[in-house]
Protein chains: 2
Amino acid sequence: MGKGHVRLADVAKAAGVSQGTASNVFSRPDVVREEVRERVLKVARELGYGGPDIKGRLLRAGRVNAIGVAAVEPLTYFFDDPWARSLMTAIGEVCDASGTGIAVVSAMNEERLAWNINSALVDGFILLCVEGGERLVELTRQRQLPFIALALGIEDETIPAIGIDNVAGGAAAARHLLELGHRDIAILSIGDVDGLVGMVAPERVDPEMEATPRDRMHGYWRALAEYGIPREAVPIQGTLHDRPSTLTAMEALFSSANPPTAILAMSDKVALFAMQWLAERGLKVPEDVSLIGFDGVPEAATSLPRLTTVAQPFAEIARRSVTAILENALPENHEALDLELVVRDSTAAPRLP
Amino acid sequence: MGKGHVRLADVAKAAGVSQGTASNVFSRPDVVREEVRERVLKVARELGYGGPDIKGRLLRAGRVNAIGVAAVEPLTYFFDDPWARSLMTAIGEVCDASGTGIAVVSAMNEERLAWNINSALVDGFILLCVEGGERLVELTRQRQLPFIALALGIEDETIPAIGIDNVAGGAAAARHLLELGHRDIAILSIGDVDGLVGMVAPERVDPEMEATPRDRMHGYWRALAEYGIPREAVPIQGTLHDRPSTLTAMEALFSSANPPTAILAMSDKVALFAMQWLAERGLKVPEDVSLIGFDGVPEAATSLPRLTTVAQPFAEIARRSVTAILENALPENHEALDLELVVRDSTAAPRLP
DNA sequence: TCAAGCCTTTGAATCGATTCAAAATATGGA
DNA sequence: TCCATATTTTGAATCGATTCAAAGGCTTGA
């Protein structure tokens, strides 16, 4: 920096070769005669040339070799939230294999959103948490780079998206508890909406809830119906997907006349908070209360007891989205992947009454 | 894509204005007469022009508005490892505030290392885990961008670095246990070296251990010496900073003739694995065994019991490194920040014999 | 009517590389 | 020695924008 930055042209001139040859020395060394190559490299070293500047190359090549992952969340979300992290880890694995870089992009504040999306140097975008992120999608589309949304329940069929079958997953979770013999089951829902904390009446689910929790709910209900349990008989406690609201919800659930013997949590995050609350209250999992999560984040495998959950195929999701972007082969229509029930130690038959 | 990509020049021609004016329409709209601006925008829309391409702008401006974080680890490390995540979260917070993007760079395989460092589109680098990453430092230096290493114990004083006072931190941890009355203390060390698993003799520490664990060890020893306990009296079990080796180490520690009443773990990660092992073995923390970690990762605050630890000033580290890079104001010499003892529920006085 | 001053627009240079057809040089065979 | 072929090197075009001195228009006041 500072004074005269050395560029390829300077090296070429100093070494007495054409710029084309100088370029080849760095990007296709095999094509240059050894003697010349050595000389150019020597001159480059003397001049303090640090190799071809990526910006120049980029302009020509057009390819960055990096993908952007954007979410309507602060940057910290990517390193904090268990679901995001599971996904990022999976994406990281795929990118590592292909030598692709990752740039994380926050689309948090409306004002800087456009700038952030437009100035990210990437070959394409993976969009997390698209519900409520219409503007994010719109901007990304404007940028005219390949992108793929990770979340179904987007109305617009023209948006390339990969999602999971939340209804089937919810049903699998509920069925598991029902097969174990539970009949007093409560639901811990998740969402962003302030109005949906505390007890939630079933008829508010469809109009007010976001797609993901709504679908999971319908999955739960479907399995419950198979066992003759009407949705009205199953209390729903809404949380904001964070610790305080989950603890409040648990408090409410267990201070009622007949507390549940099993809990359907809509995410592992919430389930693990619930597990902590139960432990602090001296209630044993799974002896006193069975608990099943959703997502299949790594923490669920190392909690004590280890959490039974419905796992997302993170690796598959990552593989598909990254290759879709890298090869610009976006799925024609929405794809929904299957979830897998992972039975661990947090669920068991209820105590005999 | 596909056919003819629309560029600014096309829009300019179609709208019948010069390229300079067209450029101004997008980057400095206020300087263009409204009538012309509207016309150009309309034409741009009709042609499907998606706004100025970042690559062209970049070449001219030279600034990317993003910083790279590199580690000699796979990409997954950034989203997986508690320490890395704590740091990334802190870095994310700072970057969010200034609208800076983050690109994560893996310097895992020697072969692709150079490429990854050279092709990352960033204004500077933060290097994690620099021990053993001399090559990473060398390459980054070659790239001639500002960079800062996060780890002390680098010999080369010309490398800008921010670190923490591991000796003082270790001493604080050990002193805490000693003040509670513990005298049978064991150490769980961390490292990459296969040779340092299982029981480690004190005289092997200096020649064989990396700087960070070595310094922490010396901190422990210093405090122990203050209480008249010679280093030979304190068993050291080496781990590879992962689950299996930690469990093996715990097994060894507690199958000995007189098991420790307290454990000094060199990281929270290892401490939490140890905590799980103790829980599975039915040993109560802190009643049967006291446990203190190192680092101050968020998980330490939510474990059951919550882990006493020596916390790194992640926010401060992040703030300093990001501003150093963004303002190209690198520290003249190595800085060492202080750690803070955070007493929580995993440490207590030993049972009376 | 003219000069001064302000606001817009132009056109060419620039950023730092890669690419490729064509030219120059080297190698080999007859 | 000469021609055909293979290997290197050259030089100019290109990628897609931004920048800025200079030119052009328009308004205003004398």
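Chain identifiers are assigned alphabetically (A, B, ...) following the order of the sequence lines, protein sequences preceding nucleic acid strands; residue numbering begins at 1 within each chain.
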query = Does the side chain of B/Ser18 get closer than 4.0 angstrom to OP1 or OP2 of C/dT10 through an N or O atom?
reply = yes

inquiry  = Quick check against the 3.5 Å criterion: does B/Asp123 have a side-chain atom that pairs as donor or acceptor with the backbone of B/Ala66?
reply    = yes

request  = Starting at atom CD of A/Gln19, determine the distance to atom P of C/dT19, rounded to an integer number of angstrom.
outcome  = 13 Å

ask   = Would a 4.5 Å heavy-atom cut-off, applied to side chains only, mark A/Thr21 and A/Arg33 as touching?
value = no

query = Taking only side-chain nitrogens and oxygens of A/Ser23, does any of them come within less than 4.0 Å of OP1 or OP2 of C/dA17?
reply = no

key: Beyond-backbone contact of A/Leu139 with A/Leu113, side-chain heavy atoms, under 4.5 angstrom   = yes

request  = Decide, yes or no, whether a salt bridge links A/Glu138 with A/Arg141 under the criterion of side-chain N to carboxylate O below 4.0 Å.
outcome  = no

inquiry  = One thing to verify: whether A/Lys42 and A/Glu46 come together as a salt bridge, which I'm taking to mean a side-chain N less than 4.0 angstrom from a carboxylate O.
reply    = yes

ask   = Starting at CZ of A/Arg7 and ending at P of C/dT18, how long is that distance when rounded to a whole Å?
value = 15 Å

inquiry  = Of the listed nucleotides (C/dT10, D/dT18, D/dG16), which one gets closest to any side-chain atom of B/His5?
reply    = D/dG16

key: Basic-acidic side-chain contact under 4.0 Å: A/Lys13, A/Asp10   = no

ask   = Among D/dT9, D/dT18, C/dT10, which nucleotide sits nearest the side chain of A/Val32?
value = D/dT9

task = With the side chain of B/Arg60 defined as its heavy atoms from C-beta on, choose the nearest nucleotide among D/dT19, D/dG16, C/dT9.
result = D/dT19

key: Distance in angstrom units between A/Asn24 CG and D/dT8 P, rounded   = 11 Å

ask   = Quick one: is D/dT8 close enough that its OP1 or OP2 comes under 4.0 Å of any side-chain N or O from A/Arg33?
value = no

Name the pairs: protein N/O against N/O of nucleotides 21-25 of chain D, kept only if under 3.5 Å.
none

Nucleic acid contacts - residues 36-50 of chain B versus DNA chain C, non-hydrogen atoms under 4.0 Å = B/Val36

task = Identify, between B/Thr21 and A/Gly56, the residue whose nearest nucleotide on DNA chain C lies closer to the 5' end.
result = B/Thr21

query = Which listed nucleotide (D/dA17, D/dC15, C/dC15) is nearest to the side chain of A/Leu59?
reply = D/dC15

query = Thinking salt bridges, do A/Arg39 and A/Glu35 make one under a 4.0 Å N-O criterion?
reply = no

